[in-house]
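Here's the structure we're looking at; comments come further down.
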Amino acid sequence: MSNESLANLLKEERRFAPPAELAARANVTAEAYEQAKADRLGFWAAQARRLSWASAPTETLDWSNPPFAKWFADGKLNVAYNCVDRHVENGLGDRVALHFEGEPGDTRSITYAELLGEVSRAANALTELGVQAGDRVAIYMPMIPETVVAMLACARIGAPHSVVFGGFSADALATRIQDADARVVITADGGYRRGKPSALKPAVDEALTRPGTESVRSVLVVRRTGQETAWTKGRDVWWHDLVRRQSDQHTPQAFDAEHPLFILYTSGTTGKPKGILHTTGGYLTQVSYTHHAVFDLKPESDVYWCTADVGWVTGHSYIVYGPLSNGATEVLYEGTPDTPHQGRWWEIVQKYGVTILYTAPTAIRACMKWGDDIPAKFDLSSLRLLGSVGEPINPEAWVWYRKHIGGDTTPVVDTWWQTETGAIMISPLPGVTDTKPGSAQVPLPGIAATVVDDDANEVPDGAGGYLVLTEPWPSMLRTIWGDDQRYLDTYWSRFKNRYFAGDGAKKDDDGDIWLLGRVDDVMLVSGHNISTTEVESALVSHPKVAEAAVVGATDPQTTQAICAFVILRQEAAAAEAKVEAASADAEGDLVEELRAHVAKQLGPIAKPKRILPVAELPKTRSGKIMRRLLRDVAENRALGDVTTLTDSSVMELIQSRLPAASSED
Ligand code: WT7
């Protein structure tokens, strides 16, 4: 995109200074940037001292065999000890670790002392099942406390876990079990979703019929819903039988800092999923530090809530390891935001007095669509900090989030990172940075990121290119499980000695970083590179549009033509439904209005050729729009793989709208 259109995009730029009280008491001040700049490794060595080491590291980074990093390699520690035991030893046993809110409304508050007992029992149970340090354990669970306990129990005995999101199919589970060669699967009969029990165990049973899953000796099953559950004698064992009868004492063993902590699979656009490997000391150092710095956590008074599922890296780093290593009190919610009503999240914030909320743009936009009046019914005054992660947050949603959820006073931190980075990399610091809606802004202290052009030259302020990380960081992935070559090819081959994140980005005139989405999503229109994110952001800045997804469809004249799918705001959609019945022209008018709006915001080159109002967009369960499928639709192709879609009927709905669209061309 031209610099002129970037200037247009940024012209409405607003900034919000940190609230004075927050800045005055902030965990991290501007000094941290200076310290890290002066001595990056010394800075990380200091952050590692946040943890309790059984044997303190003397070495910080070993980068003698790049890009295979070793951090704190001669140190030894136990992750579960750091997340649980040490808080109890420090006299904080009565502090609540988890406020669990089940979707049906059942609740449990679990203190650190109780968590220690549970994790110890589960560690003993896994040991009884024959799990040893280094063995892999697959976890396929709903969002319940036992999931957190299971992860910590694995960490405690040095058995890397592979959490597979509970919404994935038996096939996806089987592939991940095979690739990791898992020895045990921990699951539940089911969980609650949208007001109903939703079974999980049948998918495990099915997965274990597939060849290559014979490595699984035992299936440990939590009873959550009480639904009928098929049972394989000799293999299946109930959590309440096995775990309950264990001793609540367990001595944690210290592991090498580079001992594998977990594998988490990310689905690439092609090929089999990549098992991202994270290890112990560096990972825990960075998740702990970033959680402390970016969320300004005051463990004695804050109530923190990250709405992600533990099946994603956000759940690993910012529900389990970051917050618990910091002794946080946090909310764990099982269900969906609109069950039984669209105010459920805000009701939970009010009930527990949540002070820090971390969620995703897709959820924020859903709440915008449902209407401002819904959060307005609840007391959200406890909130003092809001976070966003997962995709670029359009300025419109950022401002809405701050205003309608944050009472126009809370800072919003837009945090950029990836499964691969393990922890937050680019984000404002809430007590330091003047925040800008829509920008993740600055690399955290100790993190080196920049934007480069095709030839790996750093671009000047005001220009765009590819986001790269230029120095190793403690929580970086160590490799792709079982495939070092793929690790090299995927992340380290595009630019020499640079980690390429796969994202497009821009620096504004202040040098702040704006993420522009995956580079695979950049469109080429009449010789111009246009990012899908920018066009989406422009569309959503129109008052009638709640959400937008943009793709480039092959076009004989312009190489690619911009094709937009939009969800209208509730009021606009209702009006639209009425006029649509009366005349197809009315829809044409709205489409023209939106095209003109984008042209005005970004310039005529970015004007979508087609705009199609739809009721829903195809999304993965982590809320990312599946543009690949929309491209299939826009190019009139048969749909590709839809198995990771939340709701496969969405695509039928969208396709059924197509004839109307082609008449508008
Ligand atoms: C990709 C990583 C990080 C936890 C959840 C997603 C996109 C993530 C942002 C942000 C713009 C973002 C990037 C990144 N992304 N956060 N704040 N602004 N884009 O983890 O599934 O590994 O996805 O999500 O495209 O590469 P993931």
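These numbers come from a predicted model, not from an experiment. Note that ligands are numbered from 1 as they come in the structure, with each ligand's atoms numbered from 1 the same way.
- Of the possible polar contacts, one joining the Asn27 side chain to the Leu297 backbone as a donor-acceptor pair under 3.5 Å is found.
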One line per pair, note the atom names and distance for all nitrogen or oxygen contacts under 3.5 Å between ligand 1 and the protein.
from, atom 1, to, atom 2, distance (Å)
ligand 1, 15 (N), Gly390, O, 3.3
ligand 1, 16 (N), Gly390, N, 3.1
ligand 1, 17 (N), Asp414, OD1, 2.7
ligand 1, 17 (N), Thr415, O, 2.8
ligand 1, 18 (N), Glu391, O, 3.4
ligand 1, 19 (N), Pro392, N, 3.3
ligand 1, 22 (O), Thr419, N, 2.8
ligand 1, 22 (O), Thr419, OG1, 2.6
ligand 1, 23 (O), Lys624, NZ, 3.2
ligand 1, 24 (O), Gly390, O, 3.2
ligand 1, 24 (O), Lys624, NZ, 3.3
ligand 1, 25 (O), Asp503, OD1, 2.7
ligand 1, 25 (O), Asp503, OD2, 3.1
ligand 1, 26 (O), Gln418, NE2, 2.8
ligand 1, 26 (O), Asp503, OD1, 3.2
ligand 1, 26 (O), Asp503, OD2, 2.8
ligand 1, 26 (O), Arg518, NH1, 2.8

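- Residues in residues 413-434 take part in no salt bridge (charged side-chain N to carboxylate O under 4.0 Å, His left out) pair, two or more places apart or across chains.
- Proximity of Asp171 to Leu173: side-chain heavy atoms (C-beta onward) are nowhere separated by under 4.5 Å.
- A donor-acceptor contact under 3.5 angstrom links the side chains of Tyr265 and Asp179, judged on distance only.
- Between the side chains of Glu396 and Ser537, no donor N or O sits under 3.5 Å from an acceptor N or O.
- Side-chain atoms of Ser288 never come within 3.5 Å of backbone atoms of Ser325 as a donor-acceptor pair (strictly under, hydrogens ignored).
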